[in-house]
Colleague: 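Starting off with a structure, shown below.
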Amino acid sequence: MTKVTMTVNGKSVSGDVEGRTLLSSFLREDLRLTGTHIGCDTSQCGACVVHVNGEAIKACTMFAVEADGTEVGTIEGQANADGSLNVIQQAFQDHHGLQCGFCTPGMVMTAAALLKDNPKPSETEIREYLEGNICRCTGYHNIVKAIMAASGQDVSAIAAE
Amino acid sequence: MYAFDIERPASVADAVAALGAEDAQALGGGQTLIPTLKQRLAAPSRLVSLSGVTEMQGVASEAGNIRIGGATTHATVASQVGGTYPALADLAANIGDPAVRNRGTIGGSLANNDPAACYPAAALGSGATIITNKRQIAADDYFQGMFTTALEEGEIITAVSFPVPEKANYQKFVQPASRFALVGVFVAKYSDGVRVAVTGASNEGVHRWSAAEDALSAIFAADAIAGLSVAADDLISDLHGSADYRAHLVKVMTGRAVKAAS
């Protein structure tokens with residue numbers, strides 16, 4: 001076992017992990033932060049996307065040991081300080097960007113990473129950035145709309161074909 | 001996954017020492033190795049993570065070459081190389097997805113030499129030099145067939161040096177499920193000739209298309225390869241595309257790369 005220490009959603013945490021313990025397992029099973037979802041466990045679906053030092057990564061494809069000393073952000077840290085939904089989360093609600101909600105934590109974390117680097121993305125840029133996040137319910141249109149709205153852009157132009 | 005120990009050395013020397021242990025294996029970004037471990041297709045007793053080796057990270061320009069550290073992520077190459085070698089930056093920007101690009105590394109990709117990976121095409125198509133802790137290996141000598149390279153046990157890719165071409169482009173026809181290359185072609189024009197490297201197509205892994213190189217070295221235009229054809233004999237045939245289909249794509253993607261080269 002190896003002791004790891006990291007900052008998760010602004011709070012310092014530590015734990016003893018095996019070499020093979022994935023960051024997703026550490027977050028869910030040791031820290032009980034179960035908002036990070038395991039969809040495929042093969043780095044295809046993106047439900048486990050979290051931020052490590054500000055960058056979106058798939059937590060099922062990174063060992064917890066490698067996150068030692070980093071700052072990790074998960075969906076549990078996304079809400080505003082008063083507990084209300086942040087602008088991306090609120091936009092997902094307003095634009096019906098989720099149905100079953102399983103992919104949503106990864107979608108929100110990926111959207112946050114996109115908007116940090118590219119505050120006014122085009123529809124094409126949003127769709128390309130979501131390449132590694134799979135949603136089986138919405139058909140993506142409303143997710144794209146939500147991200148457009150969260151970036152303060154007009155969503156009426158997005159085709160709902 | 002079977003259990004293993006994991007080490008995080010901070011220097012190349014420490015990483016090489018750690019890899020001396022029996023059944024030790026290097027871990028780059030893990031975007032291929034971790035799924036492989038999950039499927040129990042590999043069972044190292046010890047992993048040596050290279051992500052903490054800062055001397056293997058980053059990009060530097062030097063006398064007509066661009067040198068990329070072996071532990072540099074695709075995202076870093078995509079964001080930092082565009083001004084010097086745009087074709088290489090574009091290639092890196094289209095590997096996998098954004099989260100994969102934030103972890104996957106150039107050294108990991110080249111060490112794995114997946115027959116459908118993008119970076120082998122760039123390295124071979126640019127005549128790059130693979131720099132390890134022991135030696136420098138020309139790309140022409142480095143790639144030795146599907147998942148096979150000139151690397152010896154415990155040898156680490158510390159950097160890759162790409163001669164910057166006059167013009168280059170990479171065209172990838174994606175396999176729609178995996179987004180790996182069904183066929184990818186990297187074309188690079190240098191003052192002394194043109195190189196054409198093909199990935200995704202062959203049972204032998206990445207390879208050069210010498211007939212196209214000769215034609216394009218004479219006249220750098222898509223029409224120059226109009227009379228050529230690609231033999232389907234050694235090409236991959238699977239549910240995503242027959243060997244004949246891949247042979248056709250090699251020519252089409254080469255033509256597109258020549259047209260788009262900048």
Side-chain angles (χ1 to χ4, degrees), chain A residues 1-4 17-25 36 38-70 106-107 109-118 121 125-134, chain B residues 1-10 18 23-25 27-54 71 73-76 78-79 90 93-105 108 174 176-180:
Chain A
M1 301 289 267
T2 307
K3 182 172 171 146
V4 294
V17 297
E18 287 188 79
R20 62 181 168 176
T21 303
L22 298 164
L23 178 58
S24 53
S25 308
T36 297
I38 312 291
C40 66
D41 208 23
T42 56
S43 68
Q44 312 276 325
C45 80
C48 68
V49 168
V50 300
H51 299 166
V52 173
N53 290 338
E55 292 182 337
I57 64 101
K58 291 181 171 174
C60 81
T61 311
M62 177 174 180
F63 293 118
V65 168
E66 293 209 291
D68 186 39
T70 64
M107 289 287 179
M109 298 308 287
T110 298
L114 167 64
L115 297 183
K116 179 170 72 80
D117 289 342
N118 185 355
E125 286 171 335
I126 293 171
R127 290 185 186 278
E128 285 179 353
Y129 207 87
L130 293 177
E131 177 151 1
N133 291 76
I134 295 174
Chain B
M1 272 182 281
Y2 294 110
F4 50 80
D5 294 327
I6 188 163
E7 286 193 42
R8 300 193 73 211
D23 289 333
Q25 182 164 359
L27 170 68
Q31 302 304 287
T32 297
L33 182 55
I34 295 176
T36 306
L37 292 168
K38 288 179 180 178
Q39 293 181 316
R40 298 187 168 180
L41 294 172
S45 59
R46 175 175 305 216
L47 284 186
V48 178
S49 166
L50 303 177
S51 61
V53 183
T54 48
T73 64
H74 310 325
T76 300
S79 66
D90 286 349
N94 286 292
I95 296 172
D97 60 57
V100 167
R101 292 194 286 274
N102 281 334
R103 292 293 299 163
T105 65
V174 295
S178 72
R179 301 286 172 175
F180 269 81

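Per chain, numbering begins at 1; letters A, B, ... match sequence-line order.
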Colleague: Just give me the residue among T42(A), V49(A), L22(A) that pairs up with chain B most often, heavy atom to heavy atom, under 4.5 Å.
Modeller: L22(A)
Colleague: Whether D68(A) and R8(B) form a salt bridge (side-chain N of Lys/Arg under 4.0 Å from carboxylate O of Asp/Glu) is what I want to check.
Modeller: no
Colleague: Shorter than 4.5 Å, heavy atoms on both sides: which option in R46(B), M1(B), E7(B) has the most such pairs with chain A?
Modeller: M1(B)
Colleague: Is it the side chain or the backbone of D41(A) that comes within 4.5 Å of chain B heavy atoms, both, or neither?
Modeller: both
Colleague: For A3(B) versus R20(A), what's the shortest heavy-atom pair and its separation?
Modeller: N-NH1, 3.3 Å
Colleague: Is there side-chain contact between D97(B) and K58(A), with at least one heavy-atom pair below 4.5 Å?
Modeller: yes
Colleague: Who pairs with R101(B) by salt bridge (charged side-chain N to carboxylate O under 4.0 Å, His left out), at least two apart in sequence or on another chain?
Modeller: none
Colleague: Quick one: does any side-chain atom of Q31(B) pair with a main-chain N or O of T61(A) as donor and acceptor, under 3.5 Å?
Modeller: yes
Colleague: Locate the shortest heavy-atom distance separating P98(B) from Y129(A); write the atom from each residue and the value.
Modeller: CG-O, 3.4 Å
Colleague: Measuring only between side-chain heavy atoms, which start at C-beta, is K38(B) closer than 4.5 Å to C60(A)?
Modeller: yes
Colleague: Report the option among N94(B), I34(B), D5(B) that has the most heavy-atom pairs separated by less than 4.5 Å from atoms of chain A.
Modeller: I34(B)
Colleague: Which bit of E66(A) comes within less than 4.5 Å of chain B, counting heavy atoms only: side chain, backbone, both or neither?
Modeller: both
Colleague: Checking an interface table here. Which of residues 111-118 of chain A come within a heavy-atom distance under 4.5 Å of chain B?
Modeller: none
Colleague: Under 3.5 Å, is there a donor-acceptor pair between the side chain of N102(B) and the main chain of A56(A)?
Modeller: yes
Colleague: So what's closer than 4.5 Å to chain A heavy atoms on L47(B): side chain, backbone, both or neither?
Modeller: side chain
